[in-house]
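Following: one structure in structure tokens, then a few remarks.
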There are 2 protein chains.
Amino acid sequence: MRLLLVEDDTLLAETLSDVLRLDNHHVTAIAEGDEARRLLSAPDHGQDLVLLDLNLPGCNGLEVLAALRQHDKETPVLILTARGAIEDRVQGLDLGADDYLAKPFALDELEARVRALLRRHTRSTALQVGNLDFDSLSQRFTLVGETLNLPPREQRLLGYLMRHAGEPIDKTRLAEEAFAGEALGDNAIEVYVHRLRRRLSGSGVELRTIRGLGYLLESV
Amino acid sequence: MRLLLVEDDTLLAETLSDVLRLDNHHVTAIAEGDEARRLLSAPDHGQDLVLLDLNLPGCNGLEVLAALRQHDKETPVLILTARGAIEDRVQGLDLGADDYLAKPFALDELEARVRALLRRHTRSTALQVGNLDFDSLSQRFTLVGETLNLPPREQRLLGYLMRHAGEPIDKTRLAEEAFAGEALGDNAIEVYVHRLRRRLSGSGVELRTIRGLGYLLESV
DNA sequence: CAGGAACTGGCAGCAACCTTACAATTCTGT
DNA sequence: ACAGAATTGTAAGGTTGCTGCCAGTTCCTG
């Protein structure tokens with residue numbers, strides 16, 4: 001998932017980013033309120049969750065929140081605030097924040113809240129390539145009616161390829177985006193592609209190699 | 001029924017818990033506002049009624065209520081507040097509380113209000129997975145016609161899994177949502193899954209494990 | 001056809017999960 | 001209040017299957 005972290009304390013921002021990346025999220029960190037507001041004002045900002053410090057240089061966190069909520073009521077916002085600023089918190093919930101966390105907080109707790117928010121807001125999306133289906137709610141792949149039971153890494157790979165079906169994706173990009181931040185061996189991707197192919201064989205869905213360009217998922 | 005009691009006065013909390021337990025309720029007592037909020041923020045917190053003191057450490061009772069009502073308009077909330085704090089009372093009812101009781105109150109009266117609220121809000125919902133049924137009114141499981149008598153923890157686990165049948169749920173999530181706030185050992189969930197499986201064996205309902213993803217309840 | 005890139009199968013290590021046993025605790029009826 | 005039963009927590013050891021790596025092969029491309 002893509003998280004936007006808006007936090008001016010550089011040290012804290014670093015720590016949080018690290019922790020969240022270990023949970024397999026793609027974290028973008030921003031220190032400036034104005035910049036955050038600009039970014040979130042785009043109709044399609046592409047973030048799945050916003051972590052928002054209220055005490056910001058440039059522009060107050062509540063302003064950022066208000067700007068976001070003007071056109072986007074969906075994306076969950078988790079507010080990070082100093083303990084005791086009660087009116088801020090109430091105001092935040094009023095403005096459409098989804099949860100808040102008082103500083104200082106335990107990292108475990110942050111992770112738990114993020115999990116909960118993402119879970120609550122993740123809408124079920126269905127993908128389809130030929131007769132291969134993916135349902136994001138149950139995280140299940142279905143191939144010609146049969147449920148495909150994939151181990152986590154194959155799942156991540158296939159999920160990514162389905163989301164970009166018809167588009168060739170090279171190994172570098174797969175390593176960076178499908179397996180963001182995870183350690184991988186030299187030919188790990190090749191091995192996973194191979195394992196996926198074995199499962200998909202004879203199903204009408206093909207995982208083609210385009211030399212020099214990458215892999216491509218398509219229905220024959 | 002499951003009641004959540006949010007009250008910082010330990011002595012009072014003890015007394016109330018005892019009384020309510022004598023009425024055959026499962027009472028969870030919490031003294032911290034923040035903890036209560038966290039617990040109730042889960043989309044599936046599993047409580048049937050919340051008794052809420054307004055004057056709390058950590059986070060105001062009204063905040064707890066606001067956070068709960070953000071996503072859950074159903075669960076009834078009974079506010080406990082000091083006599084005379086009228087504006088609190090009004091605000092509470094505004095925010096979606098269902099009833100209110102001024103301290104000090106007679107225990108009889110508390111019991112009566114709780115009965116009334118539960119009666120008013122308890123709708124019978126029936127769940128079914130294969131030939132396993134659950135009736136939320138009587139809190140009873142029925143398997144192939146036979147009543148299934150489960151200890152509390154297995155009941156909570158199976159109930160949660162039934163409400164999310166067909167969806168794989170990992171151990172973290174089970175600990176956070178099915179057993180919200182309760183302390184659990186490392187492999188507690190595994191043990192409970194094992195015990196449930198023993199009971200379900202040969203009934204046409206299966207509790208499958210999907211490595212790395214979680215557990216999944218389904219009919220074979 | 002030479003060299004690099006991608007493919008394949010096997011295997012050892014490891015983490016996730018299962019199972020069992022037993023101790024600690026709580027519930028129950030007398 | 002007590003004994004016995006049921007439930008719950010914890011630890012230990014076993015099993016499964018995912019994962020990463022390697023070595024050998026095949027396939028492309030210049």
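Here is how names work: the chains are called A, B, and so on, in the same order as the sequence lines, proteins then strands, and each is numbered from 1.
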Could you give the side-chain donor-acceptor pairs of residues 12-23 of chain B under 3.5 Å, partners two or more places apart or in another chain?
unit_1	atom_1	unit_2	atom_2	d
B:Thr15	OG1	B:Leu11	O	3.0
B:Ser17	OG	B:Ala13	O	2.8
B:Arg21	NH1	B:Val27	O	2.9

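Every residue two or more places apart in sequence or in another chain that forms a side chain to side chain donor-acceptor pair (under 3.5 Å) with B:Asp44 is listed here: B:Arg163, B:His164. Looking at residues two or more places apart in sequence or on another chain, you find a side chain to side chain contact (heavy atoms under 4.5 Å, CB included) between B:Asn55 and B:Asp53. Residues forming a salt bridge (Lys or Arg N to Asp or Glu O under 4.0 Å) with B:Asp72 (at least two apart in sequence, or on another chain): none.
In this structure, the CD atom of B:Glu190 is 16 Å from the C1' atom of C:dA21, given to the nearest Å. As a whole-Å value, the separation of B:Gln155 CD from D:dT8 P is 10 Å. Rounded to a whole Å, the CG atom of A:Leu207 is 12 Å from the C1' atom of C:dA6.
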### Message
So if I define the base as every atom that isn't primed, P, OP1 or OP2, how would nucleotides 19-30 of chain D read as a B/S/- string at a heavy-atom cutoff under 4.0 Å?
### Response
BBBBB---BSS-
### Query
If the sugar-phosphate is the primed atoms plus P, OP1 and OP2 and the base is the rest, what is the B/S/- string for nucleotides 23-30 of chain C, using protein heavy atoms under 4.0 Å?
--------
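The stretch residues 204-214 of chain B participates, sequence neighbours left out, in these side-chain hydrogen bond (donor to acceptor under 3.5 Å, both in side chains) pairs: B:Arg208-B:Glu218. Sorted by first and then second residue, the ring-ring contact (aromatic ring centres under 6.0 Å, His included) pairs with a member in residues 125-150 of chain B read B:Phe134-B:Phe141; sequence neighbours excluded. For residues 19-71 of chain B, there are no ring-ring contact (aromatic ring centres under 6.0 Å, His included) pairs, not counting sequence neighbours. Every pair passing side-chain hydrogen bond (donor to acceptor under 3.5 Å, both in side chains) that includes a residue from residues 188-201 of chain B is listed here, sequence neighbours excluded: B:Glu154-B:Arg199, B:Lys171-B:Glu190. Residue pairs meeting the salt bridge (charged side-chain N to carboxylate O under 4.0 Å, His left out) criterion with at least one partner in residues 140-151 of chain B, sequence neighbours excluded, do not occur; the list is empty.
B:Lys171 has a side-chain polar atom (N or O) that falls below the 4.0 Å cut-off from OP1 or OP2 of C:dC17. Distances shown here put a side-chain N or O of A:His194 below 4.0 Å from the OP1 or OP2 atom of C:dG9.
Relative to the axis of its first five pairs, the axis of the last five pairs of the helix from C:dC1-D:dG30 to C:dT30-D:dA1 sits at 40°, rounded to 10 degrees.
In this structure, the side chain of B:Arg173 does not engage the main chain of A:Arg115 through any donor-acceptor pair within 3.5 Å.
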